[in-house]
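Every value quoted in this text rests on a predicted model; they were computed, and no experiment measured them.
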Amino acid sequence: MALNVVIMAAGKGTRMHSATPKVLHRLAGRPLLQHVLDRVAPLAGRFGEVHAVVVTGHGAERVEALVGEHARCVRQEPQRGTGHAVQMTVPALDDAADTTLILNGDVPLIGTDTAAALAAACGGQRLALLTVMLDDPTGYGRIVRAASGAGAAGDPVQAIVEHKDASQAQRAIREVYTGMMAAPTAALKRWVMALTDDNAQREYYLTDIVAMAVAEGVPVVASPAADETEVLGVNSPAQLADLERRLQRRLAGQLMDAGLRLADPARFDLRGTLAHGRDCEIDVNCVLEGEVRLGEGVRIGANCVIRDAHIADGAVIHPFTHIEGAGPGAQAVQVGAGALVGPFARLRPGAVLGDEVHIGNFVEVKNSTLARGAKANHLAYLGDASVGERVNYGAGSITANYDGANKHRTVIEADVHVGSNCVLVAPVTLGAGATIGGGSTIAKDAPAGQLTVARAKQVSLAGWQRPRKKG
């Protein structure tokens, strides 16, 4: 048991007004084509082996780089219509798979169940067309069930007529072809090689195989889509934006059904994955990207952007905070239980906050670990630092961790108090319980338990050279 799947991804998408291949434009943070590939993968569990073929053309190298090992790629050069695209796949189709499913790379929300039902409707014996009823069918091929175009829903399908070639009567038909079908593999190969470009656009239309099937007595059946959203294509920025909002509303509904409280689901964007515990709430205009995990009782204020972060129980992320982990496969930002972050704070890759840590307004933390109870409440920078328990880090203080060539680490041991407007010139260690007087520039280790006050001396930069990077 096997299934061929052809994914059309060669189009330029001129109405997108972009040099980016259409199928690489992003929906919920991922390329349109990636959504389709993700929905094809589970078909293997229903049909056995799946032989996926992606038709590339415009921006082929970039599209093929995305596809990688998920499917075989064939190029359509030049692009001369949908029928021509399928002609390019004929040598790649597995004859052992009696059904070939044809999907569109710019229709990202096609459901796996809908695709499976379409393939099953073909069953290796019928030409199955995925259809949907639209209030505004402009731009879509119409399902013609009688020569006059006035056939009833139960009548056999006679043809698909492209919008630009349709008569006024045919354009009044609301049942449309979605651009996706399933066909007997052997017959499909024969039909597409017999296509001609005898039309206004001088292109090879895949839809012309419907008439061929009818002429051969092969049943042509319609397989209805579950809803309009899953068959909508993207041909313009407006359509992409519309589909984004539809998807985000669907995702928000799923999260709320699972117990997450969203202040306004219309003002929420998930561009990755979100796992959450009980009693979590998210205010308006928040964007979550990558992999985000929330413990129980987490509160996220308005206008936050959070990417690749694990936020533990009871933590509060105040408004306008920006959290950015290192990305897929790298370390996520860690926020401990009961921690308070923001407003207007920034946690960069490598930030690890222990329980009950406070990071206040206009504080930036990068590649630094703060132990339980440490506080940096305002206007400060901690980069490449290890901060002990209960440290109080004053306003306006920074770690000078970069000498122009190499990064160095600052160690601040437990119970240290750093005054306002201090510069800690790494590498440097502040001993446990030390107090650093306000305005100090610390370039040498500070003894534990002692008050250290150090003022920068005026120096000449004559003859100074930038340090060379090690290695």
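Under the 4.0 Å criterion applied to side-chain N and carboxylate O atoms, Arg261 and Asp279 are assigned as salt-bridge partners. Ion pair Glu228/Arg246 flagged as a salt bridge, since at least one NZ, NE, NH1 or NH2 atom sits closer than 4.0 Å to an Asp/Glu carboxylate oxygen. Taking 4.0 Å as the cut-off between side-chain N and carboxylate O, Glu324 and Arg346 count as a salt-bridged pair.
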(request) With side chain to side chain contact (heavy atoms under 4.5 Å, CB included) as the test, would you mind laying out the steps for Arg409 and Asn367 before giving the verdict? (result) CA-CA 10 Å; Arg409 198 150 191 90; Asn367 194 30; 3.9 Å; yes

(request) Evaluate side-chain hydrogen bond (donor to acceptor under 3.5 Å, both in side chains) for His84 paired with Gln76, printing each intermediate quantity in order. (result) CA-CA 8 Å; His84 181 244; Gln76 181 192 15; 3.0 Å; yes

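The only member of Val352, Val365, Leu370 that meets side chain to side chain contact (heavy atoms under 4.5 Å, CB included) when paired with Val357 is Leu370. Residue Arg142 forms a side chain to side chain donor-acceptor pair (under 3.5 Å) with just one option from Gln170, His163, Glu175, and that option is His163. Screening Met181, Met180, Met8 for a side chain to side chain contact (heavy atoms under 4.5 Å, CB included) with Leu103, the sole residue that qualifies is Met180. When each of Val107, Val234, Val63 is paired with Val23, the side chain to side chain contact (heavy atoms under 4.5 Å, CB included) condition holds for Val63 and for no other.
Counting heavy-atom neighbours within 6.0 Å of Asp198 CG, excluding the residue itself, gives a total of 12 or less. Other residues, nucleotides and ligands contribute at most 12 non-hydrogen atoms within 6.0 Å of the CZ atom of Arg278. Within a 6.0 Å sphere centred on NZ of Lys366, heavy atoms belonging to other residues, nucleotides or ligands number more than 12.
Inter-residue side-chain proximity for Thr89 and Val192 is flagged as unmet; no heavy-atom pair is nearer than 4.5 Å. Inter-residue side-chain proximity for Glu64 and Arg75 is flagged as met; some heavy-atom pair is nearer than 4.5 Å. Under the 4.5 Å side-chain criterion, counting only non-hydrogen atoms from C-beta, Val157 is not in contact with Thr131. Looking at Pro237 and Met16, their side chains come closer than 4.5 Å, going by heavy atoms from C-beta outward. Using a 4.5 Å cut-off on side-chain heavy atoms (C-beta onward), Asp135 and Arg174 make contact. Residues Asp113 and Arg46 are in side-chain contact: their nearest non-hydrogen atoms beyond the backbone lie under 4.5 Å apart. In this structure the side chain of Leu93 never reaches within 4.5 angstrom of the side chain of His51, judged on heavy atoms. The closest side-chain heavy-atom distance from Tyr381 to Asn401 is below 4.5 Å.
Of all non-hydrogen atoms in Gly59 and Pro21, the two that sit nearest each other are CA-CG, 3.7 Å. Scanning both residues, Gly290 and Asp308, for their nearest heavy atoms gives CA-OD1, 3.4 Å. Of all heavy-atom pairs between Gly354 and Ala339, the closest is O-CB, 4.2 Å. Nearest heavy atoms, Arg171 versus Pro137: O-CG, 4.2 Å. Taking every heavy atom of both residues into account, Cys286 and Gly301 meet most closely at SG-O, 3.0 Å. Thr112 and Arg39 get closest at one heavy-atom pair: OG1-O, 2.9 Å.
Here the straight-line distance linking atom CG of Leu294 with atom CD of Glu281 works out to 11.5 Å at 0.5 Å rounding. Atoms CG and NE2, on Leu33 and His25 in that order, are 13.0 Å from each other to the nearest 0.5 Å.
Side-chain contact annotation: Asp94 with Asn4, donor-acceptor N/O pair under 3.5 Å absent.
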